[in-house]
Structures are given as structure tokens and as C-alpha cells.
J.: 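My questions all concern the structure below.
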Amino acid sequence: MRDPRYDILFEPMAIGPVTAKNRFYQVPHCNGGGYRDPSAAAEMRGIKAEGGWGVIFTEQCEMHHTSEITPFIELRLWEDKDIPQLRRMSEKMKTHGALAGIQLAYSGINGPNLYTKEVPLAPSALPIRTFTNDPVQARALSKTDIRDLRRWFVNAAQRSKLAGFDLICLYGAHGFGIFQHFLSRATNQRSDEYGGSLENRARFVNEVIADIRDAVGDSMGITLRVSLDETIGELGFSNAELREFIEMNRDLPDLWDLAQGTWEDCSGPSRFKEEAAQEQLVTGIRALTSRPVVGVGRFTSPDVMARMVKSGTLDFIGCARPSIADPFLPKKVEEGRIEDIRECIGCNICITGDMTMSISRCTQNPTFMEEWRKGWHPEQMNPKGDSGNVLVIGAGPAGLEAAWALCRRGYDVAIAEARTEIGGRVTLESRLPGLSAWGRVRDYREYQLRQRPNVEIYLDSGLSAAEVMEFGFENIAIATGATWRRDGVARQHVVPMPIDEAARIYTPDDLMAGNLPTGEVVIYDDDHYYMGGVLAELLVKNGAKVTLITPSAFVSDWTNNTLEQATIHARLDDLGVEIVLNRGVTQIASDHVVSNCVYTGKTRNYASDAIVMVASRMANDALYHDLMAHQSSWADAGIRSVRVFGDAEAAGPIAWATYAGHRYARELDGPDLGDALSFRREITELAAE
Ligand code: ADP
Ligand code: SF4
């Protein structure tokens, strides 16, 4: 059972009038579902309750209609009508004794109000600060507005109580919540009693907390999420000023929830931020207050968690991503199953669900946000179907996840892998600069598979269709991955571009195999995710002079969705990479490339000894097509099904591959859904006309 070293993580602790059963604290996190998918979001929180979290929060909940962040999809508590969907969530959170928390957000200078068309209100009249630079300004709150806003907070607190919550988190971190906007001199330039001195800037939060405490404080705990450091220079709310603020207001909330000043800083990917990256900013704050403190830092190791509590740095271990990657993390610590923890890899794919207003995925946990939509439980599989065994071909993320899910259903599984090591692209990519944590995708599954009697892994076993037909497996699962194209076909070029025969062309696969070009190297990035930027880093570190050309306006454009684009640009700039934006490549000669402006078509040459083509990938589906061509012989060979999935079906991020592998395993031997939708959804109820 539980290692006594971790006992401290299971000690109950009071937060105002309520008590958390342990120190595992799921801080608020988005999921891309929000008000559009209330039952999907509620069930996801319920799974965390089952997984043992002591405190579980909602994502940010827009507490009044005068401040909302459309197009992003969070929760809303604008009127009584919103209560039932929030009550569904709180009920799920409380199923196993967790405290249910709601994060009340008034977005102020961060809310453009594109949906409600209300004029945004903020401490000072400034342009709205969002990812999209909306051409909208806020007006400054008048004294009457401030009184209204205080009342709206009380209304929201009372509705939160009616919705069944135990805790209220007031949002003032990440640049998103009005409490930060009042505290920071950058966004609060008022000359009345709400601006100027720190005492004045802290007046609003003091008033709101006093009001809420009067209204619901006898039964609900009030937490304040504040920025550890706004990191925007002199005017910003610095770590020193935060400490001063906490010292001056020692017992203001029932718990201090400390998070970095921008979301990008707080949820930095593993490529740029280690576990416990905020430790220095947090250390010593607990001594300034008698209230408990929670902090975050992509904690996945119970040793680090226990150290945080034992050293007096934190009282609660705040987790968002680690609780997504493994909703059962606390339970696994409690049951002494540390090696079963599915550690977050810090890729930030989960965040892309919010940023793209779709619905979140997790690379490590393919069941995330499918708990209600598909009935997928992260720890339990559906029972086995009619057939008995599966040959999985390819041990990349898709094949490994399929095998792991299949063996839990009770199938006998054999995995054939052409290479002498498993992990496919994950193994190769985890050797690139900054991506070592990605190896956890392989490590978790490898460990689990090796514990199972019904799984065999065969390395160095590249299979042909004829061999597959001889083996006598009933189900053939093809997860043979994809190969980076050499001909430049992607978005700019839908057919191969002109390339001189003497040109030295490399693909990411070449570089990952250790074949690195030197001298003047042009990276042509028409892929737009992380690969182009990572390879630039690799090549510079190997001594090359690198120019990265991309038709996009941003280097590694799609990483805007993983909150790392700005850091990647800065890193490449620091390394001396010449970044060429808004330009494509029209032709490759032996010693230069011809680059075109995407707007005007005007061309310019860039000298190059070699080109790295980060374009698109081609499915490795020859084996699949060979088997399909022999469909008439399947019955004689004992084959019932042949399926291709993951990158071998259509290339995508690693999370798409683990999802595809998991889905294959869930659906094997299942009913044919025909034309029906493969998941549940909710649609808006029509109002009476
Ligand atoms: P995915 O992301 O879809 O899992 P990967 O490229 O990461 O794809 O993994 C595919 C794996 O399949 C690689 O490790 C590759 O070596 C292996 N593979 C490809 N073709 C064969 C084959 N014919 N037989 C066995 N293994 C194969
Ligand atoms: Fe962690 Fe990536 Fe999963 Fe997010 S998507 S929880 S960062 S593994």
C-alpha cells in the first residue's frame, strides 16, 4: 500500500469553513468544452473525483455578462438559468468526497465582449488585451460601476452556493482576472482610492472578499488566485510586490492560490520549463500568511510533491495538466502504484482544445473529454468481444496505445516492430532538443505492457503482407506511421516543387537518424508545428548556419496554440537563426533556394549548402494496401479484420495517434455504427417562441 513518505500528501486540511480530504488540488483548467458541452465537462471532473483529488475546480466561469472572452469557450454564470449545468458539475466533483470549487472570472481588460456586445469595463480605459488584438477598448469603471461589480460578485457567489459548490476561487492571475488588473500598475492607472499605492490597488479585492464572506463565507471557502510575477517590467505586479501584498493582507482569502503572471509562463511546455519551475517564486510566501498556499508546476512526481509540503513551500499540490494526463494520480500514490502514474509530457496539446475552441485532447490520456461523449473511462476498458487476438504492426504511439488498451480488454496481443527499439516517432523525437519528456509516451506503455502476460513484443520484425497472412492472427492492426516527404509537398506546393538534382535535400527523418547537414542550411517550414523550430535548434547546436523560411507570419505558427510560439521565436533568435517570415520557397538550386513573398510573389535568393524540408508526411500504408489487395484470402488465413490507424492512416500530432490507437481498441468487435454519430453531444434547447 502507500509509501509512508507520501503520508503527508493525505493529511486533511481546512480551507476556511470546509476541509479538503488530502493535498491533491486540481486547479482550474480549461477543456475546450465549457458551456457548449456541459455534461462532457462535468463527467471529466467526476472522473477526477473518482481518481482521488481532494479539491476539484471548474475552468474559469464568466460571472457576469458584461465581461466575456468569446471566442474561447469557458463556463458562464450570468443568470439563474446557468445554475443547473454548473450543479451537474459540482455534483460530479463531490461524488468521492472532494471539495467542489468554482472559479469566478471577471475578465476586465481581457474580455472583448464579442458575444454580448457590452462595453468592456476595466480599472483603466485601455485596449483589450487578448491573443487576437481585438480592436476594442474598455472604459474605466466609475465608482458606481465598482459598486455594481461588487454586487455582481455577491450575486455570482450566491448562485455558486445554489449550484452546490464548496469553494470560490477569485481569478486574478495569468493576466486574465480583474483582481490582477486592479493590483498591477500597468492596468490600473487610476488616481482615486482604487489606484496609486499598493494599499489602494488592493482595495477592490479586499472589498469583494469582504462582501462575499458576508454573503456565503459561513459555508464556502474563498480562495484568491494571484500572479506570482507579471514579468512585464517595472509597471507590472512583480514577485516582490506580491509578497508585500500578501504581508499587508495576510488573512484576506481562506487560501492563497499562486500562479504565474501570464498563462504562457504558468503553463510553459516541458521544452522550456522543468517540473516545479515556479518553486523560487513561491518559496517563502507561506511564512507571510496564516492561510494555506497552493502552487503549480506540472507536478507529476510524488517525491517532488511531498518535498513541497515537507519543506513548507506549499500546503496543497496544484495540478492541471498532471490531472489531465492521469486523473487517477492521487489514487495511484495512495495505493502504492507510483509506476502506474501516466505522467504528463508537457506538450500542451490539451491547451490547443481551448485555443481552437474545439474540445481538448491529451497526448497521454486519450480518454480526456471522452468520458461522457464516448463513455471512455481512463482506467477501465470495455469487455472483450468475439475474437481472441490481435497482431499490432508498428510500436509507435498509435500501436503501443492500441496494444495497451487491447490487452486490458483481454485480447492476446502481439506487437511487431521493424526497428530494434519501440516508440516509433516518440523515441526519435524525444532525442531532439527539449523534447526528452516525450519519451514518457513510450515509457508508460512499455512498462505496462511488460507487466501483462497476454502481450508479446517482437523487435527487428518488419513484416510483409505474406508474413502477416501466414501468422494466423484474427485481427490485424496496422500502425506503421508516416515518413516526411522530400519533395516539398505540403500547403504552398500541392505537387512537387522544382528541385535541382545536385541539391542536398534532407528530411526530419534524416536528421533524427543522425544525418545532419552542415554549412549554410535552409530549413523550409511549411508544416508550422514544432518540428521546423526544433530542427533549427539542433542544427545550430551542431555548428550549422541556419536560415528558417516559412510562408507563415510566425515561426512554428501552430505553437501559438501550445503557448510556446513567442518562446520559440526568442530561442531561435538567441541562437542566431535567421528567421524569414511570410516567404515561401519556389525552387531549389544546388547552391541556393529561390524564395517568394507570399503577398507580392517577388523573389529573392538565399544561399544554401543544404535544405531541410519540413513539409508534410506520407503514410506508410503499403502493407495495409497489400493486405487489402488480398482480401479474398483472409478467411483462409484466419483473418477477420484489417485496420489502419494513426499516422499510417493520416499523419497528425502524437495525440492524434494515441487517440486513434485507443479508439481502435475500444471499437474492435463492436457494433457497426453505420451512419450514426460516434459520440454523444448536447445541443441548445430551443426557447419557446
Ligand atoms: P504512429 O504515430 O502512428 O504510432 P510512428 O511512426 O510513431 O506512427 O510508428 C510507426 C512504427 O511502425 C515505427 O516504429 C516503424 O518502425 C514501425 N513499422 C513501420 N512499418 C512496419 C512494418 N512493415 N512492420 C513492422 N513495423 C513497422
Ligand atoms: Fe500533459 Fe500533453 Fe496531456 Fe496536456 S496534452 S496533460 S501537456 S500530456
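Counting convention: from 1, in listed order, for ligands and their atoms alike.
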J.: Tabulate below the donor-acceptor pairs under 3.5 Å that side-chain atoms of residues 623-631 make, not counting sequence neighbours, or state none.
T.:
from   : atom 1 : to     : atom 2 : distance (Å)
His625 : NE2    : Asp621 : OD2    : 3.4
His630 : ND1    : Asp626 : O      : 2.8

J.: Do the ring centers of Phe316 and Phe24 come within less than 6.0 Å of each other?
T.: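 Between Phe316 and Phe24, the centre distance exceeds or equals 6.0 Å.
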J.: Between Lys48, Met305, Gln26, which is the residue that forms a side-chain contact (heavy atoms from CB on, under 4.5 Å) with Leu329?
T.: Met305
J.: Salt-bridged, Arg663 to Glu401, with N to O below 4.0 Å?
T.: no
J.: Does NZ or CZ of Arg643 come closer than 6.0 Å to the centre of the six-membered ring of Tyr664, within 45° of the ring's axis?
T.: no
J.: For Tyr6 and Asp303, which I'm curious about, is there any donor-acceptor pair between the side chains at under 3.5 Å?
T.: yes
J.: Sorted by first residue and then second, give each side-chain hydrogen bond (donor to acceptor under 3.5 Å, both in side chains) pair with at least one member in residues 344-355; sequence neighbours left out.
T.: Arg321-Asn348
J.: Measuring from each atom of ligand 1, which residues have a heavy atom under 4.0 Å away?
T.: Ile393, Gly394, Ala395, Gly396, Pro397, Ala398, Ala416, Glu417, Ala418, Arg419, Gly424, Arg425, Ser461, Gly462, Leu463, Ala479, Thr480, Gly481, Ala482, Leu623, Gly646, Asp647, Ala657
J.: At a 4.0 Å threshold, what atoms of ligand 2 neighbour a non-hydrogen atom of Gly346?
T.: 1 (Fe), 7 (S)
J.: Counting no waters, what protein N/O/S atoms lie under 2.8 Å from atom 3 (Fe) of ligand 2?
T.: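 Sorted hits: Cys362 SG.
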J.: Return yes if a side-chain donor-acceptor contact under 3.5 Å exists between Asn365 and Thr367, otherwise no.
T.: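 Asn365 vs Thr367: donor-acceptor pair found between side chains.
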J.: Answer yes or no on whether Arg361 is positioned over the face of Tyr659, meaning its NZ or CZ is under 6.0 Å from the six-membered ring centre and within 45° of the axis.
T.: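 Arg361 over Tyr659 ring: yes.
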J.: Identify whether NZ of Lys or CZ of Arg in Arg440 sits under 6.0 Å from the centre of the six-membered ring of Trp438 and within 45° of that ring's axis.
T.: no
